[in-house]
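The first residue of the sequence shown is numbered 1, and numbering continues consecutively from there. The analysis underlying the following values was restricted to heavy atoms, covering all of them including side chains, and did not include hydrogens, waters or symmetry mates.
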Amino acid sequence: MFRIGHGYDVHRLVEKRKLTLCGQNIKYDKGLLGHSDADVATHALIDAICGAASFGDIGLLFPDTDEKYRGISSLKLLEVVAKKLENSKYKISNIDLTIIAQSPKLSKYIDYMKNNISRVLKIENNQINIKATTEEGLGYTGSNEGIAAHCVVLIYNS
């Protein structure tokens, strides 16, 4: 049986924070505000996996009211979800992730992001597609107020 999940997340860009996307540090003068490392792309991926496998969502599994998640790497959260997925006898067929940011330009980081996700989920890089787009100056992402991400995941019974 195949199942599909969609994830979406958005975080505000602020001063004095590191920018991390798919576990990769990105050179930029702002970072994302959040309880964890605010890795909006990994959060969307986690929610997509949770949706496909009926695990609820990232807020249910890792509430921002729990201090043990303050500043945590979102790749650590992804590891927990990966183990939960493995225990449920599902495997990932493919991931399609879109990061929406006016800046910075992300193309030179995509391969690093794919490698990080591949390593944590124990899947091949060719099962992961990551792309970045702008919104041509429109909306909160277009005006550099924040970064958003959408992710679709297809899983199957193993």
Side-chain donor-acceptor pairs under 3.5 Å in residues 55-68, sequence neighbours left out?
{"from": "D57", "atom 1": "OD1", "to": "G59", "atom 2": "N", "distance (Å)": "3.0"}
{"from": "D57", "atom 1": "OD1", "to": "L60", "atom 2": "N", "distance (Å)": "2.8"}
{"from": "D66", "atom 1": "OD1", "to": "K68", "atom 2": "N", "distance (Å)": "3.0"}
{"from": "E67", "atom 1": "OE1", "to": "R70", "atom 2": "NE", "distance (Å)": "2.8"}
{"from": "E67", "atom 1": "OE2", "to": "R70", "atom 2": "NH2", "distance (Å)": "3.1"}

Report task. Without swapping roles, check the side chain of Q102 against the backbone of G137 for a donor-acceptor pair under 3.5 Å. Result -> yes
Query raised in the report: Strictly by modelled atom types, are D39 and T20 linked by a side-chain donor-acceptor pair under 3.5 Å?
Result: no
Requested in this report: Give a yes or no answer on whether the side chain of R3 reaches the backbone of A52 with a donor-acceptor pair at less than 3.5 Å.
Outcome: yes
Query raised in the report: Do L21 and I72 share a hydrophobic cluster (ILVMFWY, side-chain heavy atoms under 4.5 Å, transitive)?
Result: yes
Report task. Check side-chain hydrogen bond (donor to acceptor under 3.5 Å, both in side chains) between H11 and all other residues, then give those that pass, not counting sequence neighbours. Result -> D9, H43
Query raised in the report: Which value, rounded to the nearest 0.5 Å, describes the distance between I155 atom CD1 and I95 atom CD1?
Result: 11.0 Å
Query raised in the report: If only atom types and distance count, is the side chain of T141 paired as donor or acceptor with the main-chain N or O of I147 below 3.5 Å?
Result: no
Please output the side-chain donor-acceptor pairs of residues 78-93 that fall under 3.5 Å, not counting sequence neighbours, one pair per line with the distance.
{"from": "N87", "atom 1": "ND2", "to": "K83", "atom 2": "O", "distance (Å)": "3.4"}
{"from": "S88", "atom 1": "OG", "to": "L85", "atom 2": "O", "distance (Å)": "2.7"}
{"from": "Y90", "atom 1": "OH", "to": "N157", "atom 2": "OD1", "distance (Å)": "3.3"}

Query raised in the report: Taking only residues two or more places apart in sequence or in another chain, which ones pass ring-ring contact (aromatic ring centres under 6.0 Å, His included) with H35?
Result: none
Query raised in the report: Who are the salt bridge (charged side-chain N to carboxylate O under 4.0 Å, His left out) partners of D96, not counting sequence neighbours?
Result: K131
Query raised in the report: Quick one: salt bridge (charged side-chain N to carboxylate O under 4.0 Å, His left out) partners of K105, sequence neighbours excluded?
Result: none
Query raised in the report: Is there a donor-acceptor pair under 3.5 Å between the side chain of Y109 and the backbone N or O of K27?
Result: yes
**Report entry** Residue pair C22 / T42: nearest heavy atoms and the distance that separates them
**Finding:** CA-OG1, 3.2 Å
Query raised in the report: Has E145 got more than 12 heavy atoms of other residues, nucleotides or ligands less than 6.0 Å from its CD?
Result: yes
